[in-house]
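Report on one structure; see the data block that follows.
Quick note on labels: first sequence line is chain A, next is B, and so on, each numbered from 1. Quick caveat: nothing in here was measured; it's all calculated off a predicted structure.
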Protein chains: 2
Amino acid sequence: MSRNTIAKTRILEIIQGSSIALTHAAIQEQTRDVCDRVTIYRILDRLVNENEIHRIVNVNGVVNFAACKRCSHSSHHHDHIHFSCIKCGELTCFEDQSIDLNLPSKYIIQEYQLTVAGICGKCS
Amino acid sequence: MSRNTIAKTRILEIIQGSSIALTHAAIQEQTRDVCDRVTIYRILDRLVNENEIHRIVNVNGVVNFAACKRCSHSSHHHDHIHFSCIKCGELTCFEDQSIDLNLPSKYIIQEYQLTVAGICGKCS
DNA sequence: TTATTTTAGCAACAAAGTTGCATTAATATG
DNA sequence: CATATTAATGCAACTTTGTTGCTAAAATAA
Ligand SMILES: [Mn+2]
Ligand SMILES: [Mn+2]
Ligand SMILES: [Zn+2]
Ligand SMILES: [Zn+2]
């Protein structure tokens, strides 16, 4: 069973308290004296496996993490749209926005990553 | 003006001759004695800027490259679906599949990356 | 053919992520 | 509450991916 350590609690708080998705580097800056950077990687993995947070790959390939409302619920999914602003750099979840996929029937869909890049509402 | 060197021609041939998208590492394996790995990065950048190929970010964050039919045409775009098989690892373009986005009007969309992960037709 | 400009190679560097192992902390059990 | 058990952490070392500066070598223009 997974243990709730100080570092894990702190990192989950940071992610849940953020309105935007955060990179490992951004989390590291906020946890300077809490734990090692390797520990952050391991805690992020654990939180993803425990469905507390989800992983978002930005259009540039950089991995981000966010907690969304559905995360805590069972039978949840993260198939929503993410928006990455090229001006302010913020990566935001659009939890109410999903899409329809029409792939050939032989294809079994497990998950998808949809990240839209452009200029956000604040920056336009 | 961009110059058509041996390495650039060879790399474009490899990408155009492939039915699946290729990573820098995969391209490097096929160009062992052709050129340096830094040169491959620079050629890939050039080919993207010249709209000969396009860049796809996989669900794991790994960058892939593919040439699609629309690439050579002017006013083309790469807003199509990509499928990443978790069994065979192949990343395929679905050039005929696009999606509808309904973001708030203040959001200006520039590009998107949509990669679906699951089991492909061959592996299911 | 020679001048000009782009491209290539090389070394060095940086960011992101992984692994092994000894130590420390959290939880379970008596 | 004490201690055994197991999970988490820190640290060092390493890998992968990508970038930058600079000189040498090619490609194209004149
Ligand atoms: Mn999200
Ligand atoms: Mn494609
Ligand atoms: Zn913005
Ligand atoms: Zn497959």
Side-chain angles (χ1 to χ4, degrees), chain A residues 1-15 20-66 82 84 86 89 91 113 115 117, chain B residues 1-15 20-66 82 84 86 89 91 113 115 117:
Chain A
M1 196 43 207
S2 176
R3 292 175 186 181
N4 290 315
T5 61
I6 296 159
K8 185 186 164 191
T9 307
R10 187 78 199 86
I11 289 172
L12 183 56
E13 274 173 9
I14 290 167
I15 298 171
I20 57 170
L22 301 172
T23 61
H24 172 275
I27 294 163
Q28 199 185 343
E29 279 190 16
Q30 293 185 61
T31 52
R32 280 251 169 274
D33 45 345
V34 178
C35 66
D36 188 77
R37 42 175 248 106
V38 177
T39 302
I40 299 174
Y41 279 114
R42 297 200 259 229
I43 287 172
L44 290 172
D45 280 350
R46 247 187 299 158
L47 290 171
V48 168
N49 287 330
E50 292 165 8
N51 293 317
E52 296 280 357
I53 62 173
H54 63 280
R55 189 187 301 262
I56 306 142
V57 179
N58 208 336
V59 285
N60 50 24
V62 175
V63 174
N64 285 253
F65 297 90
H82 296 102
S84 176
I86 56 170
L91 179 60
Q113 286 282 345
T115 309
Chain B
M1 195 44 205
S2 175
R3 294 178 183 178
N4 290 315
T5 60
I6 296 160
K8 185 187 164 193
T9 306
R10 186 80 199 85
I11 288 171
L12 183 55
E13 274 173 9
I14 289 168
I15 297 171
I20 57 170
L22 301 172
T23 62
H24 172 275
I27 293 163
Q28 200 184 343
E29 280 190 17
Q30 294 184 60
T31 51
R32 281 249 170 272
D33 46 344
V34 178
C35 66
D36 188 76
R37 43 176 246 104
V38 178
T39 302
I40 298 174
Y41 278 114
R42 297 201 260 229
I43 288 172
L44 290 171
D45 280 350
R46 246 188 300 157
L47 290 171
V48 168
N49 287 331
E50 293 166 8
N51 292 317
E52 295 281 357
I53 62 173
H54 63 281
R55 189 187 302 261
I56 306 142
V57 179
N58 209 337
V59 284
N60 50 22
V62 175
V63 174
N64 284 252
F65 297 91
H82 296 101
S84 175
I86 55 170
L91 179 60
Q113 288 281 345
T115 309

Does the dT7(C) base have a donor-acceptor partner in the side chain of R46(B) within less than 3.5 Å? no

Is any side-chain heavy atom of R46(A) closer than 4.5 Å to one of I43(A)? yes

Rounded to the nearest angstrom, tell me the gap between atom CG in N58(B) and atom P in dG17(C). 15 Å

Can a salt bridge be assigned to the pair K8(A) and E50(A) using a cut-off of 4.0 Å between side-chain N and carboxylate O? yes

Rounded to the nearest angstrom, tell me the gap between atom CG in N49(A) and atom P in dA8(D). 11 Å

With the side chain counted from C-beta on, respond yes when T115(B) and L91(B) share a heavy-atom pair under 4.5 Å apart, and no when they do not. yes

Hey, does the side chain of N58(B) reach the backbone of I56(B) with a donor-acceptor pair shorter than 3.5 angstrom? no

Which pair of heavy atoms, one from I11(A) and one from L44(A), lies closest together, and at what distance? CG2-CD2, 4.1 Å

Once you round it to whole Å, what is the distance between C1' of dA8(D) and CG of L47(A)? 13 Å

By the 4.0 Å heavy-atom rule, please label R37(A) as base, sugar-phosphate, or nothing. base

Closest to the I43(B) side chain: dT9(D), dA8(C), dG10(D)? dA8(C)

Residue whose closest nucleotide on DNA chain C lies nearer the 5' end, V34(B) versus Y41(A): V34(B)

Gap between atoms CZ and P, on R55(B) and dT17(D) respectively (whole Å): 14 Å

Rounding to a whole Å, what distance do you find between R42(B):CZ and dT17(D):P? 18 Å

Under 4.0 Å between any heavy atoms, over every strand shown, what does V38(B) touch: base, sugar-phosphate, or nothing? Just pick one. base

Distance check: side-chain N/O of S2(A) vs OP1/OP2 of dA8(D), anything under 4.0 Å? yes

Report the distance from atom CG of D36(A) to atom C1' of dA13(D), rounded to the nearest whole Å. 13 Å

R3(B) CZ to dA26(D) P, straight-line distance once rounded to whole Å: 13 Å

Closer than 4.0 Å, any side-chain N/O of T5(A) to the OP1 or OP2 of dT9(D)? yes

Residue mapping more 5' on DNA chain D - nearest nucleotide basis, C35(A) or V62(B): C35(A)

Rounded to the Å, how far apart are N4(A) CG and dT9(D) P? 10 Å

